Amino acid sequence: MNLLESRNIVLTGGHINTGRERIALEPSGTFESIEDLGRTIVTVAGRSEMIYFEDIASIYHDYVDPPKERVKSSGKPALALAISLREGGNLIQLGKRVEAEVSRLQDLYPIGLEFDTIAFQPGVVERKVEDFVSNLVQAVAIVMLVMFVTLGLRTGLVVSSLIPSTIVMSLLIMSFLGIGLD
């Protein structure tokens, strides 16, 4: 077991930055199939000879029985699937693609098999972005209105135009520096 665990260690090979993209390098050497595992050379304790692992063990792919962890949804046994966003991705677009795929799969699977969503972050993020934009527009409108009332039309127009200009410049600088709006 220790020999197999030490051979199947996956260490990072580093990464390459190509301007806008970061490509992870993953070295080979991990077990890709049951045959790879069986063709692993092992030493026999107390002997100098080496043999294949498949010569001393039965190797097969199967479910863990009894299962170590069980998932339930609404009190019934279930299968859980978690999808994570890669760095730099758009969560809202991913959410739309996942919804489309789930809809497509529901048409393929038999009646009685249900798809439940436990937590759907793209919807939460979309509402937060909409709330942020709404609050920003309201705040800018109120400040501009106060500037017009207190400074007059001409001066108020000049001073209040600085606010949207500052916001746009800040977003451009953040984009240039690779800072996301979280």
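Position 1 is the first residue of the sequence, and the numbers go up from there. As the structure is a computational prediction, the values presented were derived from the model and not from experiment.
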For the residue pair V140 and P164, what are the closest heavy atoms and their distance? CG1-CG, 4.4 Å
First locate atom CG of D131, then atom CZ of R127, and finally report the distance between them rounded to the nearest 0.5 Å. 8.5 Å
Are L94 and V124 connected in the hydrophobic side-chain network, where two residues link if heavy atoms are under 4.5 Å apart? no
Results of side chain to side chain contact (heavy atoms under 4.5 Å, CB included) for R70 - residues two or more places apart only: P67
How many angstroms lie between atom CG of L151 and atom CG of L157, to the nearest 0.5 angstrom? 11.0 Å
4.5 Å side-chain heavy-atom contact, M174 and L177: no
With clusters defined by side-chain heavy atoms of hydrophobic residues (ILVMFWY) lying less than 4.5 Å apart, directly or transitively, does F115 cluster with V71? no
In this structure, would V133 and V143 fall into the same cluster of hydrophobic residues linked by side-chain contacts under 4.5 Å? yes
Check for me, please, whether V102 and Y109 land in the same ILVMFWY cluster - side-chain distances under 4.5 Å, paths through other members count. yes
Enter the distance from L171:CG to T166:OG1 here, rounded to the nearest 0.5 Å. 11.0 Å
On a heavy-atom basis, the closest approach of G156 and F148 is C-CE2, 3.5 Å
Looking at L172, I want to see if its CG is surrounded by more than 12 non-hydrogen atoms of other residues, nucleotides or ligands under 6.0 Å. yes
Is a side-chain donor or acceptor of S103 paired with a backbone partner of E99 at a separation under 3.5 angstrom? no
Tell me every residue that passes side chain to side chain donor-acceptor pair (under 3.5 Å) with E130, counting only those two or more places apart in sequence or in another chain. none
Measure the NZ-CD distance between K128 and Q121 for me, rounded to the nearest 0.5 Å. 10.5 Å
Has D55 got a side-chain atom pairing as donor or acceptor with I51's backbone, closer than 3.5 angstrom? no
Specify the closest pair of heavy atoms between S73 and I118, including all atoms of both residues, with the distance to one decimal. OG-CD1, 4.3 Å
Taking atom NZ of K76 and atom CD of E114, what is their separation to the nearest 0.5 Å? 5.5 Å
Check whether V137 and M144 end up in the same hydrophobic cluster, where Ile, Leu, Val, Met, Phe, Trp and Tyr are linked by side-chain heavy atoms less than 4.5 Å apart. yes
Mind checking the CE-CD1 spacing from M147 to I142? Nearest 0.5 Å is all I need. 12.5 Å
Output all residues satisfying side chain to side chain donor-acceptor pair (under 3.5 Å) with T155, sequence neighbours left out; order by chain, then residue number. none
